[in-house]
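In what follows, chains carry the letters A, B, and so on, assigned in the order in which the sequence lines appear, proteins first and then strands, with residues in each chain numbered from 1. What you see below is based on every heavy atom in this structure, not just the backbone, and it leaves out hydrogens, waters and symmetry mates.
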There are 2 protein chains.
Amino acid sequence: MRNAEFDREKVLRSAMTAFMDKGYGKTSMQDLTKATGLHPGSIYCAFDNKRGLLLAALAQYKTDRSAEFQRFFSGEKLVLVELKAYLDNIVQECISCEAAKACLLTKALNEMAQQDEEVQKTITENLANWQQGLAEVLALAQTKGELSTKRDSQHLARFLVMGIYGLRTFAHTHPKGETLQELADQLFLDISA
Amino acid sequence: MRNAEFDREKVLRSAMTAFMDKGYGKTSMQDLTKATGLHPGSIYCAFDNKRGLLLAALAQYKTDRSAEFQRFFSGEKLVLVELKAYLDNIVQECISCEAAKACLLTKALNEMAQQDEEVQKTITENLANWQQGLAEVLALAQTKGELSTKRDSQHLARFLVMGIYGLRTFAHTHPKGETLQELADQLFLDISA
DNA sequence: CCGTTTCTTGAATAATCATTCAAGTATTAT
DNA sequence: ATAATACTTGAATGATTATTCAAGAAACGG
C-alpha cells in the first residue's frame, strides 16, 4: 500500500563504496546509515542484515560492471584496440584516489576467503563470469585474425585476469600512475604478441 | 630479574598465522590468546596492544621471508633455475590448504589500505625490499648471460611481483593446482623469454 | 474521508571487543 | 633465606557493535 521511499540502486552504490573504503568488517552499521541515508530499521527491512546488504551490493556491482564491459567491447573497433582501452581504463581507476581503489570483488574475496561460503561462492561466480567474458572477447579476436591462435583463449583470459588482479594489488603500494601504465602495457603485449 | 617465559619467535609465528587466517580485524584478542598461548596481560606487556603485535609479526615475517629468499637464491644453480623453483614453491604454497593461503603482507595490505599509515608504510617497505631482491637476482642473470638485457631488470622485477600478487589472488578462486602451475609457468616464460 | 496496510524512525538491547589493573607467582641478588 | 623485582594471570571495564522493536508517519483502497 506504500512504496519504499529510497532509490535501491543509489543505496546499493553508496553501500558498495562504503564497503570498498573500509572493507566489510570495519564498515559499521553507523557508517552504512550515513552512507546510504537509510535508518537501521530500513536496512534490516530491505536487506535482512548487514550481510544481506553486502550480497545485494555484490549483485548490483555485477550488473554495473557487466554494463561497463559491454560498453568497452561494443564491437565498433578492433577487438585488441578495445582491450587496450579497457586496460587503460583500469589503470586510470587505480590511479584516481577515489575511495574505491580496489574492485569490490577482489577486496571482499581477500577479506572473506574461507569465512562465508555463500559470499565466497557469489564472488567466485562473478569473477568466473568476467573471466569468461574476456575469454570470448579474445576468441573473437582470434577468429577475426587479430590474435594468434597459438595460445588457447581460455588460457590467455586466465593470464589476463591474473595480471589485472596483480595490477590492482600493485596499485596499493604505488599510487603513481606511470609504473602502473607500464605494467599494463607489458601485460597487453604479452597477451597480444 | 626474571626473563619472559615465552618464546618470542614462536609467539609471533602463531600470531602471523592467526592474522592470515581471519585477517587482522576479525582476529579477536581471544583468538590471539588461544593461538599464542599468552594471556591478554602478557600480550599488552610485550607488544603494547593488538596493533603492536601485528607490527611485530610483520617484522618477524620479513625476517623469515628474507631467510627463505636467501635459501632459494643461493647461487648454487643457474639463476633462472632457482627462479623457477622459487615460483613453483609459491604455487605449492597456494595449493596447500594450510591456513596461510595468502601472504601476510598482501593480506594486510588489502585490509588496511589507507587506514593505518604506519602499518601501510611497513608493508610497502617490505614489499619494495622483496621486489628489489628479485631485481638484483634478475640483474645477476643478465650479467651471467642467462637472460636477455633487452628489458630492464627493474621492469622485469615489477612485472614478476605483479604476477605473483595476481597468482595469489587467483588461488582464492581456484583451489586446484593445475591452473596455478600453468599460470606460473607462463609468467616464468614471459619473464625469461 | 477514513481505515488499513506498509514503511520509517531511532532509542533500547544484548553481545562482543580491546584493554586495564590489582593480585598472584616466580626469579634473582644479596 | 629474604627482599626486591619482574612477569603472569584473568576477571572487570568501558566502548563499540549488529540487531530489534514499538511507536509514528505516509500512502492507498473503498
For the pair made of [atom1] in [X] and [atom2] in [N], what is the distance, rounded to whole Å?
X      : N       : atom1 : atom2 : result
M29(A) : dT19(D) : CE    : P     : 6 Å
K22(B) : dC17(C) : NZ    : C1'   : 13 Å
K50(B) : dT20(C) : NZ    : P     : 14 Å
N49(B) : dT20(C) : CG    : C1'   : 12 Å
D7(A)  : dT8(C)  : CG    : P     : 13 Å
F47(B) : dT20(C) : CZ    : P     : 16 Å
R51(A) : dA18(D) : CZ    : C1'   : 14 Å

| Considering only heavy atoms, which members of residues 30-44 of chain B lie under 4.0 Å from some atom of DNA chain D? |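 Here the set is H39(B), P40(B), G41(B), S42(B).
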
| field | Evaluation steps, side-chain hydrogen bond (donor to acceptor under 3.5 Å, both in side chains), between N129(A) and E125(A) | value | CA-CA 6 Å; N129(A) 186 65; E125(A) 280 173 3; over 6 Å; no

| task | Ignoring hydrogens and angles, state whether a donor on the side chain of D116(A) or Q120(A) is under 3.5 Å from an acceptor on the partner side chain. | result | no

| message | Which label fits F73(B) and Y86(B): parallel for a plane angle under 30°, tilted from 30 to 60°, or perpendicular past 60°? | response |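 Tilted, since the angle between the ring planes falls between 30° and 60°.
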
| task | Compute both the distance and the angle, then confirm whether K50(A) meets the cation-pi test with F19(A): under 6.0 Å from the six-membered ring centre, within 45 degrees of the axis. | result |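 Because its charged atom misses either the 6.0 Å distance or the 45° angle limit, K50(A) does not stack over F19(A).
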
| task | Return the set of residues passing salt bridge (charged side-chain N to carboxylate O under 4.0 Å, His left out) with E182(B) (not counting sequence neighbours), or none when no residue passes. | result |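 With sequence neighbours excluded, E182(B) shows a salt bridge (charged side-chain N to carboxylate O under 4.0 Å, His left out) to R158(A), given in chain and number order.
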
| task | Could you name each residue pair satisfying salt bridge (charged side-chain N to carboxylate O under 4.0 Å, His left out) that touches residues 70-88 of chain A, not counting sequence neighbours? | result |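 Listed once each, the pairs are K84(A)-D88(A), K84(A)-D185(A).
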
